[in-house]
Amino acid sequence: MAAPLLHTRLLGDASAPASAVKKLGASGTGISDMLALENDFFNSPPRKTVRFGGTVTEVLLKYKKGETNDFELLKNQLSDPDIKVINFLLPLCTDIILLPWLNRSKTVVEEYLAFLGNLVSAQTVFLRPCLSMIASHFVPPRVIIKEGDVDVSDSDDEDESKYKKISVYFPTLRHEILELIIEKLLKLDVKQTCGIKQLTTWGEDEETVRETEADPERPGQMVHPVAERLDILLSLLLSYIKDVCYIDGKIDNNKTKDLYRDLINIFDKLLLPTHASCHVQFFMFYLCSFKLGFAEAFLEHLWKKLQDPNNPAIIRQAAGNYIGSFLARAKFIPLITIKSCLDLLVNWLHMYLNNQDLGTKAFCDVALHGPFYSACQAVFYTFVFRHKQLLSGNLKEGLRYLQSLNFERIVMSQLNPLKICLPSVVNFFAAITNKYQLVFCYTIIERNNRQMLPVIRNTAGGDLVQTCTNPLDTFFPFDPCVLKRSKKFIDPIYQIWEDMSAEELQEFKKPIKKETLEDEDDDFLKGEVAQNDTVIGITPSSFDAHFRSPSSSVGSPPVLYMPDQSL
């Protein structure tokens, strides 16, 4: 007789317990036993189960015909948090979650979404399947046709609807979506950077190349798993940028401007304050290649960041790093733009020196003059990469322009930028300017080497003496991209470092003397060289050691260090 009591209690009939107690008493059951049973029952939590007529399929068929009673019962019981879902119901609910609902009527969609909300609220076990189902609709569906043992996809399908994404049909969310994506990419990029030995100079050692080279068993893929994931996602981002900006093979200026505004804000917020990211910033490099106006706007934006004293020094220095790396590496920037940027930078450097001449801070100090040194390095780095273009055509006119920049005053100043800038940049700048008798840097370099204070640290193998070769904490954000998929977007627009030919190496070994110049512009060169300058050559031994590009270099200049005679 206890069964009716339990059954009615499970069904939630509030009036049932009293009548059931009377029946139990009439049947001869002891009052004490009855009371104990009732107390145990009422003190225990209710246990519910799902009860509805027929299978889920039958309920849905009835609902389609207009019979809604069983469907409402099913929906209400599934959304009841006190119901313990029977195991056999789990796969049925999974089937409901996977129902094609996007193309149904508005009423069906609203009912379906309400059902999902109730289901997930009551049974959190369905949260992951629901989220996976919703996220799957963000990606265009792919039709796979099996021909024998080969799967043929519809990747060449020209159905334009498959390229829709949320950011296209809901543009007000695009900025937030892109920011979230780039933030995640940046974390992967920094993580991958931390897992690979990084140099503070241009070259890349064998370890870096080994970590990022293609997998021989999977051509075109990265060996490093994080790099592989980053490569896939970054290539998708670059593809998206092109799809937004190009319509029928032609650039859409308005859409590109809108996208540029979104991306430059994200760049300021995420990329500019981040040190040592290697690849994510190439989305700006790629976008700027679409039209010169965007490249110039990017440079102007960075220039304003660099010269604004209200910005933190670290942001100003990062802006200088981006300017130098962008001018050096962007193949799509014409010579006239490069010269205009050099004029801006060099004039600002001279104005900075004018303000320091009579000040008490006119001495070499990174903490005081970090943005100045960053701008110097941007100028030196750009000059090293672009000097051939600057001197091509009319050599006399090119030399006149370079001499008008007055590198000598910058190099000889009390702030001593050659001591702060990277040795690799300084050595190439010194060699090239020495060749063309623009400025002679080796006396200053040797003096700086003698004054360089060693840093002693205790290691497992004993004390190690090092010198600080990167006091500015410099990095070049557009150093070569080594991600296999992404670099296909970048390589056609990227200026690689061209190793010197054997003839050029021999020329750099020779000190240039005024009386041995054979160029047709001899008279011009002789008249412009300062009489008090001493021409210092490069010894063959030190030259060979520091100007030979390593075999593992990936499109970058070699690592260069001047020998420290004081050690």
Side-chain angles (χ1 to χ4, degrees), residues 138-142 153-186 188-189 220-222 227-268 270-271 277-299 301 322 325-326 329-334 477-478 480-496:
F138 295 162
V139 180
R142 303 294 295 274
S153 72
D154 68 338
S155 58
D156 295 329
D157 190 354
E158 296 183 359
D159 182 10
E160 294 183 358
S161 64
K162 79 173 187 175
Y163 294 106
K164 291 183 178 179
K165 292 177 176 72
I166 291 179
S167 63
V168 175
Y169 63 79
F170 207 160
T172 56
L173 291 179
R174 182 172 71 180
H175 184 279
E176 288 77 7
I177 293 172
L178 287 175
E179 181 177 332
L180 177 62
I181 291 172
I182 292 173
E183 182 181 10
K184 299 299 182 183
L185 287 178
L186 191 57
L188 286 177
D189 198 8
Q221 299 186 26
M222 309 297 293
E228 170 69 5
R229 190 182 314 164
L230 175 64
D231 190 16
I232 293 172
L233 296 175
L234 181 57
S235 62
L236 288 174
L237 176 61
L238 297 178
S239 297
Y240 168 79
I241 290 174
K242 185 174 182 180
D243 289 341
V244 170
C245 298
Y246 279 86
I247 306 298
D248 297 329
K250 296 182 179 180
I251 189 170
D252 187 307
N253 286 328
N254 292 329
K255 290 185 177 180
T256 308
K257 287 180 182 178
D258 292 339
L259 183 60
Y260 175 85
R261 294 188 187 99
D262 285 340
L263 292 180
I264 197 66
N265 289 331
I266 296 171
F267 172 84
D268 285 347
L270 299 179
L271 273 299
S277 61
C278 291
H279 299 97
V280 177
Q281 55 265 24
F282 273 102
F283 72 81
M284 285 302 304
F285 192 95
Y286 184 61
L287 176 63
C288 290
S289 71
F290 294 167
K291 199 169 185 179
L292 178 59
F294 296 107
E296 293 178 340
F298 183 53
L299 286 167
H301 180 80
Y322 271 95
S325 193
F326 191 70
R329 297 296 193 173
K331 188 185 292 186
F332 47 87
I333 297 181
F478 297 120
C481 176
V482 295
L483 300 177
K484 301 302 177 183
R485 298 173 183 84
S486 303
K487 73 192 302 290
K488 293 179 181 178
F489 293 87
I490 304 302
D491 282 354
I493 57 176
Y494 189 78
Q495 179 66 49
I496 64 171

Check against side chain to side chain contact (heavy atoms under 4.5 Å, CB included), R174 and V244: CA-CA 12 Å; R174 182 172 71 180; V244 170; 3.9 Å; yes

Which heavy-atom pair separates M284 from L263 by the least distance, and what is that distance? SD-CB, 3.9 Å

Between I247 and D243, what is the shortest heavy-atom contact and its length? CD1-O, 4.3 Å

Residues at least two apart in sequence or cross-chain that pass salt bridge (Lys or Arg N to Asp or Glu O under 4.0 Å) with E179, listed by chain then number, are K269

Test I181 against L236 for side chain to side chain contact (heavy atoms under 4.5 Å, CB included), laying out the working first. CA-CA 11 Å; I181 291 172; L236 288 174; over 6 Å; no

What residues form a side-chain contact (heavy atoms from CB on, under 4.5 Å) with D491, not counting sequence neighbours? K487

How about F283 and F267: are their ring centres within less than 6.0 Å of each other? no

Are any side-chain N or O atoms of D189 and backbone N or O atoms of V280, one a donor and one an acceptor, separated by less than 3.5 Å? yes

Describe, in one word, how the ring planes of F290 and Y246 are oriented to each other, choosing from parallel (under 30°), tilted (30 to 60°) and perpendicular (over 60°). perpendicular

Reported CD-to-NZ distance for the pair E228 and K484, which is rounded to 0.5 angstrom: 11.0 Å

Nearest heavy atoms of R329 and P480, plus distance in Å: NH2-CD, 3.7 Å

Quick one: side-chain hydrogen bond (donor to acceptor under 3.5 Å, both in side chains) pairs with a partner in residues 288-298, sequence neighbours left out? N253-K291, E296-T337

List the residues meeting salt bridge (Lys or Arg N to Asp or Glu O under 4.0 Å) with R261, not counting sequence neighbours, and say none if there are none. D258

K488 meets the side-chain contact (heavy atoms from CB on, under 4.5 Å) criterion, sequence neighbours left out, with none

For atom NZ of K242, decide whether the heavy atoms of other residues, nucleotides or ligands shown that lie under 6.0 angstrom number more than 12. no

I need the I266 CD1 to L271 CG distance, nearest 0.5 Å. 9.5 Å

For the residue pair Y260 and A297, what are the closest heavy atoms and their distance? OH-C, 3.4 Å

Between OG on residue S277 and CG on residue L188, distance to nearest 0.5 Å: 12.5 Å

Non-hydrogen side-chain atoms of S239 and F489 separated by less than 4.5 Å: yes

What distance separates L234 CG from Q281 CD, expressed to the nearest 0.5 Å? 9.5 Å

Which of Y286, F285, Y494 passes ring pair (Phe, Tyr, Trp, His ring centres under 6.0 Å) with F478? Answer is F285

Mind running side chain to side chain contact (heavy atoms under 4.5 Å, CB included) on I333 and L299 for me, showing each step along the way? CA-CA 11 Å; I333 297 181; L299 286 167; 4.2 Å; yes

For F294 and C288 the tightest heavy-atom approach is O-SG, 3.6 Å

Applying side-chain hydrogen bond (donor to acceptor under 3.5 Å, both in side chains), name anything that partners D268, two or more places apart in sequence or on another chain. H301

Hey, mind stepping through L259 and L178 against side chain to side chain contact (heavy atoms under 4.5 Å, CB included) and telling me if it holds? CA-CA 10 Å; L259 183 60; L178 287 175; 3.8 Å; yes

Gap separating the OG atom of S486 from the CG atom of L237, nearest 0.5 angstrom: 9.0 Å

Rounded distance [0.5 Å steps], NE2 in H279 versus CG in L483: 4.0 Å

